[in-house]
Amino acid sequence: MKTTAIIGGSGLTQLEALTIIEHKHYETPYGEPSAACVIGELKGRKVIFMARHGNPHTIAPHNINYRANIWALKQAGAEQIIAVAAVGGITSEMTPARVVIPEQIIDYSYGREHTYFAEVDAAVQHIDFSYPYDEALRLQLIKSAAELQLKTWNTGVYGCTQGPRLETAAEILRMQNDGCDLVGMTGMPEAALARELEIPYVCCTVIANWAAGKTQGEITMPEIIKNLEQGMTDIEKLLQHFFKLEYRSRRADFSPPLYR
Ligand code: HPA
């Protein structure tokens, strides 16, 4: 069974349900990761947790060392990654506090170290990124949510902006016309880097607010915090059930030897 890494975003700097075994600091060829890998056990499974913005939460989206983070998780033994992220809701179904498991990405970020294949003299490499998230892992999460009867939305396009400022109303309208349902600041290059290292990766978002221009008035921090708190309780339940299901399927896969 695969070792799972959870990347926690805004509103999830630690996993309450994790029984911590050790904190491991990794040095990488790309510099310092955001935080130590917290290695522990959840529902009988080895889990590695990484706080994307550091713990305490001090690293802004454009300053995150995404390459070091994914590299460190690989060093720690991650075989699949569930990335949790706060987003704004653009289209009408994307209501605040809801958990959404997106299917596609449009990248509007810029100036970030976004590839491991950056050496000048190395052979040019192009990863396939037609479907940026691992579909099998996505379906496993969706199944877990369905069993819990959580009110998740199981598709959608994630638009990744540069931040740290929020968007203008016109930018959000343009993103909506492009096909985006959600807007966040950390989805890329994280997903592409995981693909470059061949680690199946899925994103699980919590809607913190309506995106710019989608409601009257300003987007406020108290509103964001309230919605994130509500959504993150669903995320914690979802993750726990995900590991319970994996544990069960591992037992179901087990076929006893024919001879002793
Ligand atoms: N825009 C970008 N990122 C976000 C937002 C938003 O409105 N809310 C939470 N993360």
Side-chain angles (χ1 to χ4, degrees), residues 6-13 34 50-66 69 82-112 114 132-133 151-153 155-193 201-236 238:
I6 312 272
I7 302 180
S10 300
L12 191 72
T13 40
S34 299
M50 160 84 69
R52 185 190 284 116
H53 298 272
N55 190 7
H57 184 289
T58 52
I59 310 170
H62 64 292
N63 284 330
I64 291 167
N65 190 339
Y66 295 95
N69 287 357
I82 301 173
V84 179
V87 292
I90 298 178
T91 43
S92 58
E93 301 83 7
M94 303 298 158
T95 50
R98 178 170 254 190
V99 172
V100 183
I101 305 168
E103 220 179 345
Q104 273 294 335
I105 298 175
I106 300 179
D107 188 11
Y108 301 88
S109 69
Y110 50 86
R112 301 180 178 188
H114 64 285
Y133 301 120
K151 226 172 152 244
T152 57
W153 196 266
T155 186
V157 178
Y158 177 119
C160 183
T161 56
Q162 177 69 358
R165 67 164 176 86
L166 296 169
E167 300 70 34
T168 67
E171 284 168 339
I172 291 297
L173 209 51
R174 182 183 75 152
M175 292 177 74
Q176 184 167 4
N177 289 334
D178 285 353
C180 295
D181 298 290
L182 305 164
V183 54
M185 299 174 190
T186 57
M188 285 293 285
E190 199 172 84
L193 291 166
Y201 174 103
V202 76
C203 184
C204 197
T205 67
V206 175
I207 301 178
N209 54 280
W210 282 112
K214 293 296 173 188
T215 47
Q216 305 284 320
E218 286 181 17
I219 300 165
T220 64
M221 278 315 286
E223 170 201 356
I224 288 180
I225 290 164
K226 185 180 110 243
N227 291 322
L228 281 183
E229 269 174 14
Q230 208 178 313
M232 287 304 166
T233 54
D234 280 351
I235 291 274
E236 290 251 2
L238 177 57

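Each ligand, and each atom within it, is numbered from 1 in the order the structure gives. Here the structure is a predicted model, which means the values were calculated and not measured.
Among residues two or more places apart in sequence or in another chain, the ring-ring contact (aromatic ring centres under 6.0 Å, His included) test is passed with His53 by His57.
Not a single donor-acceptor pair under 3.5 Å links the side chain of Arg52 to the backbone N or O of Ala83.
Residues lining ligand 1 at a heavy-atom distance below 4.0 Å are given as Ala86, Val87, Gly88, Leu166, Glu167, Val183, Gly184, Met185, Asn209, ordered by chain and residue number.
For the side-chain contact (heavy atoms from CB on, under 4.5 Å) with Leu228, the qualifying choice from Asn209, Val206, Ile235 is Val206, the only one to do so.
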Test Met185 against His62 for side-chain contact (heavy atoms from CB on, under 4.5 Å), laying out the working first. CA-CA 8 Å; Met185 299 174 190; His62 64 292; over 6 Å; no

For the pair Arg98 and Asp234, evaluate side-chain contact (heavy atoms from CB on, under 4.5 Å) and give the outcome as yes or no after the intermediate values. CA-CA 9 Å; Arg98 178 170 254 190; Asp234 280 351; over 6 Å; no

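Pairing each heavy atom of Leu238 with each of Cys204, the nearest pair is CD2-SG, 3.8 Å.
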